[in-house]
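First comes the structure, then the notes that go with it.
Indexing begins at 1, ligand by ligand and atom by atom, following the structure's order.
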Amino acid sequence: MVIDVKTSSATGKIDIGEDVIARRLPYLLQGQKNFVLTDTNVYALHRPFFEKWMQGEELFVLPAGEEHKNFQSLQAILERMAAAGLKRTSRLFAVGGGVVGDIGGLCAALYMRGIDCVQIPTTLLAMVDSSVGGKTAIDVAGVKNIVGAFHQPIEVLIDPMFLGTLPEREWKCGIGEVVKYAAMDRHTFDALAAVDGNITKDLAVGLIENSVRYKAGVVERDEKETGERKCLNVGHTTGHAIELTYGLSHGESVLWGMKIETLLAIEAGVCNPAHGARLLQFVDKALALDGGEKPDFSNLGAAAGKASLDKKNTGDGNVVMSVAKDYGEWTLFTLPLPQYVQALTELAKKL
Ligand code: GLY
């Protein structure tokens, strides 16, 4: 399946399928010296892939982990790109999960003021969300994705064969982002409702296609997140505060964020309670996927303060959340920071 993405700044495409690497990669690599960015986990799991398809390209293997999405890594990658003599026609191939895609995309945006980037996501999370839409970034001063650029990939190659080696926890992280789409996309909601929230691996390709198609439409209409694209941040305001405080993965944090924000929105009369209850059921099933261990949320009120660091906030002392309103409908929901902190302190006892 091929989905075209046309924004005001660029035209790209997303190619999904088992044959996508063989069909597209040799063509995209040919004719110039290219740069391949991956991380130690992906390289260890898929070394034959790199040897078969990317022999002779400049390979940079980043240490795995969100803590490496920083200035030091950015500098090291850019210096290597320059030392390798990459030209303006060279392409950067980011092969990995969200960290590799985000920092790789940013290097492509910066090198010679912008070279082509091809995203090859290897995790479910990167396939359904981060590889699509051109957001690139690093974390600075303890704030996630605070330094970055919009730089649309010329192509995203989504090959489900990479999911075969995905650890259970990574699968759960990706499911977090899939459940997020159910808050605004009717197709994803219906797909999850049809299986009562019991998401199994055989559903992966259908869920990826739904998510990517939905996201591509949003990105085409609002590339720079001035309005509609904010819907893709469901669960993320509180999720980012949880991620920073408890060291959970991004997807798990988004699931907890979605649970908390949906409960707050129901309580405030912003979300239809019956619809919210269905979403909470999907969230709970996803949270239970790897045994469902719950973090000690006793200091959730203190963690809540970090939500004010989120870049979606307007700086006027309010916390802004994107929440489900009803079937296929979402809205922005704003609470003053003290009220938000108080609400999370109360909720912590009930989660
Ligand atoms: N991950 C949210 C977005 O791409 O806008």
Side-chain angles (χ1 to χ4, degrees), residues 3 5-10 12-14 66 69 94 96-106 108-109 117 119 121-139 143-153 155-156 158 170 173-185 188 207-244 248-258 261 307 309-313 320-324 330-332:
I3 299 169
V5 188
K6 288 193 189 74
T7 69
S8 52
S9 74
K13 62 178 173 174
I14 305 160
E66 177 83 25
K69 209 173 98 177
V99 171
V100 166
D102 281 5
I103 196 167
L106 183 55
C117 178
Q119 295 277 351
T122 59
T123 64
L124 182 62
L125 184 145
M127 290 179 188
V128 296
D129 188 43
S130 60
S131 66
V132 174
K135 277 190 180 175
T136 76
I138 54 170
D139 305 336
V143 186
K144 274 186 67 73
N145 300 330
I146 195 80
V147 173
F150 288 96
H151 187 62
Q152 295 296 337
E155 201 151 330
V156 182
I158 302 181
E170 282 293 333
C173 294
I175 294 299
E177 292 286 352
V178 170
V179 172
K180 170 189 90 172
Y181 285 101
M184 58 275 187
D185 171 34
T188 305
L207 291 171
I208 293 167
E209 286 175 358
N210 270 356
S211 305
V212 167
R213 192 189 299 283
Y214 183 81
K215 179 163 182 177
V218 171
V219 169
E220 285 192 334
R221 293 186 293 275
D222 179 24
E223 181 183 20
K224 300 280 168 70
E225 199 175 302
T226 53
E228 185 187 355
R229 189 166 178 171
K230 293 185 179 143
C231 74
L232 301 173
N233 296 324
V234 163
H236 281 60
T237 301
T238 307
H240 281 164
I242 288 176
E243 192 174 347
L244 285 170
L248 295 183
S249 69
H250 179 70
E252 284 171 308
S253 304
V254 166
L255 282 168
W256 283 111
M258 203 172 147
E261 292 177 1
L309 294 173
D310 198 90
K311 37 183 198 328
K312 289 178 289 302
N313 291 318
V320 183
M321 294 163 273
S322 306
V323 295
W330 70 282
T331 188
L332 289 178

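With sequence neighbours excluded, the residues that form a salt bridge (Lys or Arg N to Asp or Glu O under 4.0 Å) with Glu66 are Lys69, Lys144. Evaluation of the side chain to side chain donor-acceptor pair (under 3.5 Å) rule for Asp139 yields no partner, not counting sequence neighbours. For Asp129, the salt bridge (Lys or Arg N to Asp or Glu O under 4.0 Å) test picks out Lys180, Lys215, with sequence neighbours left out.
In this model, no donor atom of one side chain and acceptor atom of the other lie less than 3.5 Å apart for Thr237 and Asn233. Between the side chains of Thr123 and Glu170, no donor-acceptor pair is found at a separation under 3.5 Å.
Between Val234 and Met258, some side-chain heavy-atom pair lies under the 4.5 Å cut-off.
Around ligand 1 you find Asp129, Lys135, Lys215, Glu225, Arg229, Leu232, each with a heavy-atom distance below 4.0 Å.
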